[in-house]
Undergrad: 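One structure is given below, represented as structure tokens, and several questions about it will come after.
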There are 2 protein chains.
Amino acid sequence: MKNRITMKDIAREAGVSVATVSHVINGTKNISKETSERVLKSIEKYNYVPDSSAKNLRKKKTKTAGLIVSSLPDNFVNDMIFGVEERAREMGYNLLLVNTKEDEKYEEESINLLHSNLVDGIILSPTSGDISYLNKYTNYKFPVVMVNRFDKKIKNIPIVSGDNYQLGFDATTHLLRHGHKKIGFIYSVLNVSTTEERLRGYKDALKQFDIPFCEGCLERGYGTVKGGADAVANLLSREKDITALFTQTDLMTVGAIGKIKEMQLRIPDDLAIIGFGDFPSAVIIEPPVTNIILPARTIGRTAFDVLINKIHNPDYMTHIQLPSSLIVRNSCGC
Amino acid sequence: MKNRITMKDIAREAGVSVATVSHVINGTKNISKETSERVLKSIEKYNYVPDSSAKNLRKKKTKTAGLIVSSLPDNFVNDMIFGVEERAREMGYNLLLVNTKEDEKYEEESINLLHSNLVDGIILSPTSGDISYLNKYTNYKFPVVMVNRFDKKIKNIPIVSGDNYQLGFDATTHLLRHGHKKIGFIYSVLNVSTTEERLRGYKDALKQFDIPFCEGCLERGYGTVKGGADAVANLLSREKDITALFTQTDLMTVGAIGKIKEMQLRIPDDLAIIGFGDFPSAVIIEPPVTNIILPARTIGRTAFDVLINKIHNPDYMTHIQLPSSLIVRNSCGC
DNA sequence: ATGAAAGCGCTAACAC
DNA sequence: GTGTTAGCGCTTTCAT
């Protein structure tokens with residue numbers, strides 16, 4: 001393995017000092033055109049790229065951000081990830097991706113590692129566990145922003161999320177307007193702001209229609225197709241008079257629909273359904289499925305912008321809530 | 001912003017030298033139990049984490065890998081990404097994710113940047129463009145492995161991909177066996193091994209059934225739902241006697257099915273379809289769609305393992321081809 | 001078993 | 001406009 005070219009080599013080759021090389025690379029000082037060109041030529045010739053580690057050590061910045069997601073990757077999460085990635089590169093940052101798969105311990109380990117000057121800041125979509133350990137980092141101003149899921153108990157941490165309360169309220173209201181009185185709520189993770197807020201919206205919508213909240217209408221399942229199917233089966237065997245469903249992830253929505261069809265129930269006549277999160281095939285399913293969505297890509301992009309602000313100003317705070325929208329198709333009864 | 005704790009601080013606190021601290025952290029030398037415990041205690045107390053940049057500079061290794069993908073992210077690519085991510089973390093590596101979106105120039109820039117001691121190696125799913133610039137890196141043994149897509153022109157680069165030739169052959173043969181004589185082939189990127197290999201398989205299958213290859217049966221579209229729909233419309237308006245379709249990405253498959261339904265054609269009676277890449281809702285679509293798949297997650301994981309080998313041994317070479325499998329449902333006519 | 005010190009490749013303050 | 005040099009925080013060789 002040939003030894004790496006360093007700035008010193010370039011300097012020697014161009015007959016200048018390393019300081020000069022550094023300055024022409026970074027444009028940090030006026031260097032005469034001739035010298036500059038000579039340096040550039042050597043750089044070209046040797047295909048030289050400044051060592052990032054050395055630079056990072058010296059500048060105490062890495063120009064990379066960490067993105068830690070915890071969910072089973074569904075369409076929403078994937079879009080959000082690519083939103084972050086897209087914005088990061090637009091801003092000249094690299095992106096370190098970590099998927100904790102709801103593993104709290106691994107989440108803490110990851111943050112600890114990234115925090116070691118590996119990244120300038122972290123965008124975190126946390127697990128449902130106890131994440132108060134985060135205060136350890138945010139307290140002394142290591143830039144962390146929460147995306148999608150948030151936890152108000154953590155101090156000094158900006159948040160970018162969807163307006164999940166309104167989302168829950170709107171989806172439920174829509175079903176209520178179609179005359180449904182008993183609406184199943186299928187989720188995958190509890191103690192997480194997304195689910196909790198939607199649930200709050202769901203309950204408030206019920207209240208507004210003077211319909212009592214029924215504890216048995218809540219059903220938890222694994223956040224996969226299979227999980228959605230199982231949840232529907234359980235829910236329906238327990239609460240026979242449910243006439244509508246509100247599912248919380250696109251994978252579960254698909255599983256739910258599969259199970260409903262398998263049970264020979266008709267959508268939306270026997271059972272109406274609204275899912276959270278759009279997915280490409282929603283239109284071609286019979287009937288086309290009504291989804292309530294959040295702008296995943298924008299949430300990701302915005303989270304990155306907020307992180308940049310936080311990096312530049314350690315006291316920066318905000319809670320941005322992006323609005324949801326209902327994509328009305330037919331599974332809701334419309 | 002409080003100043004970062006360094007090894008020096010820990011050393012002072014514990015009343016030892018930095019060398020000792022380093023050794024207890026890394027277990028690189030025998031340190032007496034008492035000293036060791038004292039050091040550990042200080043580390044704990046200050047929540048100290050060694051600076052990664054300094055460590056990387058010194059060791060000339062970063063324990064992070066770069067993953068550069070170029071495709072519009074569909075189900076296959078996403079699964080592959082998480083396969084790489086999963087394996088990376090199992091092996092104690094971090095993952096830098098870059099999506100070039102088929103932008104050749106950005107791809108080259110990214111590689112150049114990552115190569116600057118930012119990552120120990122790169123897993124690349126290249127654009128369709130001319131990537132011979134890669135030789136510049138692989139020639140002097142910077143570890144790069146190609147995943148999914150490959151280009152034999154690059155020297156000294158291991159490859160992990162699906163067996164796309166067999167995939168194309170099998171999918172086409174399956175359709176042929178159902179009696180189809182004119183099969184549309186809908187793809188999104190040309191000059192890329194995945195498409196080219198599948199096409200080669202497609203042609204060979206045709207040959208085996210003594211059916212002449214029809215140039216007009218090939219249709220290119222943008223790799224999205226809309227792209228798939230448009231491609232079908234174009235294809236069908238030109239070649240009216242096509243009775244089966246083989247689409248190359250899951251998004252295009254969905255778009256194609258949507259368009260077919262919109263045209264009031266029946267699947268599989270008027271038009272059979274097999275798509276590449278499975279997607280969660282394939283089962284609940286009417287009719288359930290037959291897909292031919294590649295083990296995306298395994299491909300990702302394997303690519304990472306190959307990268308590790310390449311990092312340890314600069315001369316390591318291989319071309320691993322993972323087999324495809326046909327998920328027979330009903331859209332093919334079965 | 002522990003410590004002193006060199007040096008990884010770069011940036012930036014300072015000198016000329 | 002250009003060069004000298006200290007030092008970022010760590011690992012590691014060599015002493016003791």
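Each chain gets a letter, A, B and so on, in the order its sequence line appears, and its residues count up from 1.
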Undergrad: What is the distance from NZ of A:K61 to P of C:dT11, rounded to the nearest Å?
TA: 12 Å
Undergrad: Using a cut-off of less than 4.0 Å, is there contact between a side-chain N or O of B:K60 and OP1 or OP2 of C:dG9?
TA: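 For B:K60, the contact criterion (side-chain N or O under 4.0 Å from OP1 or OP2 of C:dG9) is met.
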Undergrad: In whole angstroms, how far is the P atom of D:dG7 from the NZ atom of B:K8?
TA: 9 Å
Undergrad: Is the side chain of A:T194 donor-acceptor paired with the backbone N or O of A:R149 at a distance under 3.5 Å, no angle test?
TA: no
Undergrad: In whole angstrom, give the distance that lies between atom CE of B:M7 and atom C1' of D:dC10.
TA: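 Rounded to the whole Å, the gap is 6 Å.
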Undergrad: Calculate the interatomic distance between A:K63 atom NZ and C:dT11 atom P; express it in whole Å.
TA: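 Between P of C:dT11 and NZ of A:K63: 14 Å.
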Undergrad: So, is A:Y48 near the phosphate of C:dG9, with a side-chain N or O under 4.0 Å from OP1 or OP2?
TA: no
Undergrad: Among A:T64, A:T62, A:N94, A:N56, which one satisfies side chain to side chain donor-acceptor pair (under 3.5 Å) with A:D120?
TA: A:T62
Undergrad: What is the distance, rounded to the nearest whole Å, between atom CZ of A:R12 and atom P of D:dT2?
TA: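 The distance from CZ of A:R12 to P of D:dT2 comes to 20 Å, rounded to the nearest Å.
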Undergrad: Can you check whether A:Y106's main-chain N or O pairs, donor with acceptor, with A:S110's side chain at less than 3.5 Å?
TA: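 Here the side-chain-to-backbone pair exists.
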Undergrad: If you pin B:S36 and B:N117 to their nearest nucleotides in DNA chain C, which one's is more 5'?
TA: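 Counting from the 5' end, the first nearest nucleotide belongs to B:S36.
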Undergrad: Taking atom NZ of B:K59 and atom CG of B:N117, what is their separation to the nearest 0.5 Å?
TA: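 It is 13.5 Å, given to the nearest 0.5 Å.
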Undergrad: Which residue, B:T20 or B:L57, contacts DNA chain D at a nucleotide closer to its 5' end, judged by nearest heavy atom?
TA: B:L57
Undergrad: Rounded to the nearest 0.5 Å, what separates atom CD in A:E108 from atom OG1 in A:T100?
TA: 12.0 Å
Undergrad: Starting from P on C:dC10, measure out to NZ on B:K55 and report it in whole angstrom.
TA: 21 Å
Undergrad: OP1 or OP2 of D:dC8 less than 4.0 angstrom from a side-chain nitrogen or oxygen of B:T6, does that happen here?
TA: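 No, no such contact exists.
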Undergrad: Taking five pairs at each end of the helix from C:dA1-D:dT16 to C:dC16-D:dG1, what angle separates the two helix axes (nearest 10°)?
TA: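 Result, rounded to 10 degrees: 40°.
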Undergrad: How would you label the contact of A:S53 with the nucleic acid (heavy atoms, under 4.0 Å): base, sugar-phosphate, or nothing?
TA: nothing
Undergrad: If you measure from NZ on A:K63 to CG on B:L113, what distance do you get to the nearest 0.5 Å?
TA: 11.0 Å
Undergrad: Nearest-Å distance, CZ (B:R58) to P (D:dC8)?
TA: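 My rounded result for the distance is 16 Å.
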Undergrad: Got a second to check how far A:L307's CG is from A:Y316's OH, nearest 0.5 Å?
TA: 11.0 Å
Undergrad: If only side-chain N and O atoms of A:S22 are considered, is one of them under 4.0 Å from the OP1 or OP2 phosphate oxygen of C:dC10?
TA: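 No.
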Undergrad: Using a cut-off of 4.0 Å on non-hydrogen atoms, how would the nucleic acid contact of B:N26 be classed: base, sugar-phosphate, or nothing?
TA: sugar-phosphate
